[in-house]
Amino acid sequence: MRRSEFFLPTLKEVPSDAEIRSHQLMLRAGLIRRLASGIYYYLPFGFRVLQRIIGIVREEMNGAGAQEVLLPAVHPKELWDESGRWDLYGEDMFHLFDRKKRPFCLAPTHEEAITNLVRNEVRSYKELPLLLYQIQTKFRDEPRPRFGMMRCREFLMKDAYSFHRDDKCLQGTYKKVYDAYVRIFRRCGLDCEIVEADPGLIGGGLSHEFMVLAPSGEDIVVLCPKCGYRANADKPDKPSDVERQTSYDLRRTTHDEMKEVNTPDMKTVEQVSAFLKVKPSQLVKTLIYYADGKPVAVLVPGDREVNEAKLMSVLKTAGLKLASADQIEELTGGPMGFSGPVGLKAGMIADHSVAGMSDFVTGANKKDTHLFNVNPDRDFKIERFEDLTAARDGDPCPKCGAGTEVKTGIELGHTFNLGTRYSSAMKAKFLDEDGKEKIMVMGCYGIGVSRIIAAVIEQHNDENGIIWPFSIAPFSAVILPLNMNDETQKKLAEEIYEGLTAKGADVLLDDRNEPAGVKFKDADLTGIPVKVVLGDRALKEGKVEVQLRSSGEKQKVEKSEAVSEILKLIKL
RNA sequence: CGGGGAGUAGCGCAGCCUGGCUAGCGCGCCUGCUUUGGGAGCAGGAGGCCGUGGGUUCAAAUCCCACCUUCCCGACCA
């Protein structure tokens with residue numbers, strides 16, 4: 001491709017509405033442009049990268065035995081009513097109507113569509129298992145699109161779905177896809193952490209997320225450096241036996257008498273603990289939630305915060321809301337800021353760490369009053385202990401008890417054991433060997449294809465721009481004749497370009513009549529792995545200079561050998 | 001949904017507080033000449049519903065109201 005003819009608008013200045021590195025660079029290097037919030041154009045340069053990533057994904061999926069399909073992007077409402085997800089998705093789904101006013105949506109995901117297809121066509125166990133995938137634009141009206149390609153309302157996803165006669169068969173396919181994912185991300189040049197995740201309301205057993213650790217990531221990951229345990233921080237854990245034991249050992253067996261103390265206007269943990277001169281960790285915070293309309297009191301230590309995703313998972317609800325001031329007053333009899341478990345008529349659920357606490361401070365459900373020396377069992381009853389607190393650096397690992405680390409990550413892939421969540425709701429059945437009708441067991445597997453680009457740039461850039469790994473680079477090399485008025489340079493550039501192109505290399509020839517500096521800056525910004533520099537310095541010796549974008553490494557090669565040397569570098 | 005910032009030429013911004021000439025600057029773009037190893041020089045030029053609607057005023061980019069768009073933070077922690 002000749003740069004003079006290639007549609008590649010680069011920007012010298014940083015666009016004002018791009019905050020993170022990958023977003024800035026994708027705009028500056030001419031990969032994308034914005035049309036609306038969370039909705040982007042791919043320009044030729046960006047589309048080339050996307051195509052290369054798609055190529056890798058396709059190869060590995062086919063290698064895992066998957067077959068590619070293309071599913072509809074516009075779905076009628078009835079399809080979604082079958083699974084009950086039309087209402088569940090609510091505002092996050094783009095709704096539309098056809099000319100007859102029949103409701104449709106732009107598909108945010110395709111479990112329903114694929115299940116409908118398979119239930120209509122598959123009758124027998126002999127046709128199972130089946131692994132189908134597509135690479136398709138998804139539409140989600142995100143409450144808050146963010147960080148350029150990272151969280152879009154229109155984005156490209158590879159989604160695969162598998163259908164099985166039983167769980168054992170699903171496990172086999174699950175493993176194959178899992179392994180394919182490991183290869184896909186490695187081939188894209190990404191360092192990936194695979195973490196256990198909470199399947200949430202989608203249901204099923206095992207679920208894994210493929211994460212790239214990055215400060216700009218939106219997900220929080222818990223990592224154990226000792227035993228290698230890795231999990232999404234939104235996944236509730238069972239505490240280790242070690243932790244549980246220590247916790248109970250800490251609890252005192254003799255208790256002081258509970259008493260009321262006056263705490264005028266002390267509504268927050270900070271105020272109360274400072275006023276009463278006790279540590280925040282000696283307080284138990286009582287949060288009143290409404291889960292599907294029913295009140296639940298949630299108890300956590302004063303210095304910890306509730307992770308609502310965990311709470312929702314544990315309560316198996318999507319409708320979770322903190323109570324309003326009025327609701328609190330009505331339920332507890334005291335104003336907001338003075339709630340406590342003693343005498344409270346509501347379901348009660350506590351974090352595991354509360355199990356080890358005794359003689360603590362809580363609200364008294366009475367204005368300007370707290371209680372000292374509160375003890376579970378004696379003063380109130382806790383119905384359930386669960387993992388409810390937001391993860392913190394140093395928390396004990398649920399597997400081995402060692403101190404864990406908390407980091408942020410970008411979720412690039414997610415694999416689910418769906419079980420029969422959709423197949424039973426939508427009656428996807430087959431006839432088994434024993435002549436009995438059974439429900440299909442499903443798995444589903446997603447990859448955020450467009451998000452991979454952003455993640456790669458987050459991991460591979462420097463102050464000059466992007467540094468593409470060879471595997472997904474839009475061009476493998478760029479030829480830079482520094483002076484287009486120099487006939488020798490111009491001619492040699494053409495020769496090398498023709499030579500490489502003839503061998504099947506994807507090369508950009510910067511044949512613009514621009515000063516050397518402009519060409520260098522552009523080459524670095526756009527991140528093409530190999531620069532072939534044609535300038536007086538080396539040409540005096542009959543050589544051309546070959547530079548690597550990644551390391552800055554330079555070598556001079558005889559001009560007659562330039563083509564073969566470059567081919568070696570780009571591994572063609 | 002709540003809070004904060006921003007909307008003036010393709011991009012980055014000034015002007016607005018304290019209303020008043022023809023609305024500026026840098027980059028980019030076009031033409032010509034000169035240049036060519038790290039975003040070049042000179043000369044000439046094109047390009048604006050100052051986000052939209054309403055209001056105040058003799059007069060609005062500037063003041064007031066409403067709305068739209070966009071970016072960031074937070075998702076009510078008692």
Side-chain angles (χ1 to χ4, degrees), chain A residues 9-20 23-24 27-28 30 33-39 90-91 143-148 151 216 218 263 265-272 280 283-290 297-309 311 320-329 331-332 334-341 351 362-365 367-368 370 388-390 463-465 480-486 489-490 510 512-526 531 533-540 544-545 547 552 554:
Chain A
T10 56
L11 275 72
K12 205 187 278 191
E13 282 164 303
V14 181
S16 59
D17 55 3
E19 197 95 339
I20 67 165
H23 189 199
Q24 295 174 347
L27 290 165
R28 288 192 55 210
R33 288 293 182 264
R34 190 177 61 79
L35 174 63
S37 181
I39 299 173
E91 293 275 279
R144 188 176 161 201
R146 233 198 284 229
F147 300 150
R151 180 164 296 275
S216 54
E218 294 183 295
T263 49
D265 258 351
M266 305 286 160
K267 294 182 179 177
T268 65
V269 167
E270 290 71 33
Q271 290 166 345
V272 174
L283 267 64
V284 167
K285 204 152 68 167
T286 307
L287 272 37
I288 311 292
Y289 280 92
Y290 278 81
V298 177
L299 308 184
V300 295
D303 61 336
R304 303 296 304 231
E305 290 185 359
V306 170
N307 178 322
E308 292 188 357
L311 184 58
L320 187 73
K321 265 198 137 145
L322 266 170
S324 66
D326 289 346
Q327 285 173 316
I328 289 174
E329 190 115 23
L331 182 80
T332 69
M336 184 188 272
F338 300 94
S339 301
D351 184 72
T362 73
N365 297 322
K367 188 171 162 44
D368 295 344
H370 278 77
L388 302 173
T389 52
E463 67 281 6
N464 294 315
L480 307 175
L482 297 183
N483 185 349
M484 282 301 283
N485 292 329
D486 182 326
Q489 284 185 26
K490 202 168 157 182
D510 195 344
R512 295 173 301 171
N513 194 8
E514 293 283 350
V518 172
K519 295 190 177 185
F520 277 119
K521 289 287 181 192
D522 246 15
D524 288 344
L525 174 63
T526 54
K531 283 187 293 247
V533 182
L534 309 184
D536 288 338
R537 281 186 205 168
L539 279 174
K540 272 188 297 194
V544 302
E545 203 169 284
Q547 301 184 9
K554 301 174 187 177

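Scope of the values below: all heavy atoms of this structure, side chains included, with no hydrogens, waters or symmetry mates. Protein chains get the first letters and strands the later ones, always in sequence-line order, with residue 1 at the start of each.
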Donor-acceptor contact present, side-chain A/Lys519 to main-chain A/Arg512, <3.5 Å: yes

Distance, rounded to the nearest Å, where A/Asp17 contributes CG and B/C73 contributes P: 13 Å

Nucleotides 30-41 of chain B: protein proximity per nucleotide (B base, S sugar-phosphate only, - neither; heavy atom, under 4.0 Å): -----BBBBBB-

Touch class at under 4.0 angstrom, heavy-atom based, for A/Val300 against every strand present: nothing

Which atom of A/Ile288 lies closest to which atom of A/Ser339, heavy atoms considered: CG1-OG, 4.3 Å

Interatomic distance where CG belongs to A/Leu320 and P belongs to B/A75 [whole Å]: 14 Å

Along RNA chain B (nearest heavy atom to each residue), the more 5'-positioned of A/Ala325 and A/Leu35: A/Leu35

Pairwise C1' distance, B/U8 and B/U70 [rounded to whole Å]: 16 Å

Atom-to-atom span, CD of A/Glu19 to C1' of B/G12 - whole angstrom: 16 Å

B/C50 and B/U36, which share atom name P, separated by this distance in whole Å: 44 Å

Any strand: nucleotide that pairs with B/C42 via Watson-Crick or wobble, under 3.5 Å: B/G32

Sugar-phosphate only, base, or nothing, as touched by A/Ala323 at under 4.0 Å among non-hydrogen atoms: base

Base partner of B/A6, which must satisfy Watson-Crick or wobble distances under 3.5 Å: B/U69

Distance, C1' atom - from B/A23 to B/G47, rounded to whole angstrom: 14 Å

Between B/U34 and B/C17 - C1' atom distance, rounded Å: 47 Å

Audit row: A/Phe338, A/Thr332, side chain to side chain contact (heavy atoms under 4.5 Å, CB included) steps and yes/no: CA-CA 9 Å; A/Phe338 300 94; A/Thr332 69; over 6 Å; no

Min side-chain heavy-atom separation A/Leu299-A/Leu388 under 4.5 Å: no

Side-chain N or O of A/Ser16 closer than 4.0 Å to phosphate OP1/OP2 of B/A6: no

Whole-Å distance separating the CZ atom of A/Arg151 from the C1' atom of B/C73: 15 Å

Separation of B/A75 P from A/Leu287 CG (nearest whole Å): 13 Å

Sugar-phosphate, base or nothing in reach of A/Lys267, heavy atoms under 4.0 Å: sugar-phosphate

Nearest-angstrom distance from the residue atom CG of A/Asp351 to P of B/C77: 19 Å

Nearest heavy atoms of A/Gln24 and A/Glu19, plus distance in Å: NE2-O, 3.3 Å

Interatomic distance, A/Arg144 CZ vs B/U70 P [rounded to whole Å]: 13 Å

Separation of the P atoms in B/C25 and B/A14, to the nearest angstrom: 16 Å

For B/C63, the Watson-Crick or wobble partner whose two distances fall under 3.5 Å: B/G55

Nearest-nucleotide pick for A/Phe147, side chain only, options being B/C27, B/C73, B/C71: B/C73

Minimum heavy-atom distance A/Leu480-A/Lys531, with the two atoms named: CD1-CD, 3.9 Å

Nucleotide nearest A/Arg146 when distance is taken to its side chain, options B/C77, B/G74, B/C76: B/G74

Gap between atom CG of A/Leu534 and atom CG of A/Asn483 - 0.5 Å precision: 11.0 Å

Span that lies between the C1' atom of B/G19 and that of B/U62, in whole angstrom: 6 Å

Sugar-phosphate, base or nothing in reach of A/Ser324, heavy atoms under 4.0 Å: nothing

Sugar-phosphate, base or nothing in reach of A/Val298, heavy atoms under 4.0 Å: nothing

A/Asp522/A/Glu514 under side chain to side chain contact (heavy atoms under 4.5 Å, CB included): CA gap, chis, key distance, verdict: CA-CA 11 Å; A/Asp522 246 15; A/Glu514 293 283 350; over 6 Å; no

For B/C11, the Watson-Crick or wobble partner whose two distances fall under 3.5 Å: B/G26

Nearest-angstrom distance, P atom, B/C72 to B/G55: 36 Å

Inter-nucleotide C1' distance (B/A9, B/G5), Å rounded: 23 Å

Length of the CG-P vector between A/Leu311 and B/C77, whole Å: 15 Å

Closest contact, heavy atoms only, A/Lys490 versus A/Met484: CD-O, 3.4 Å

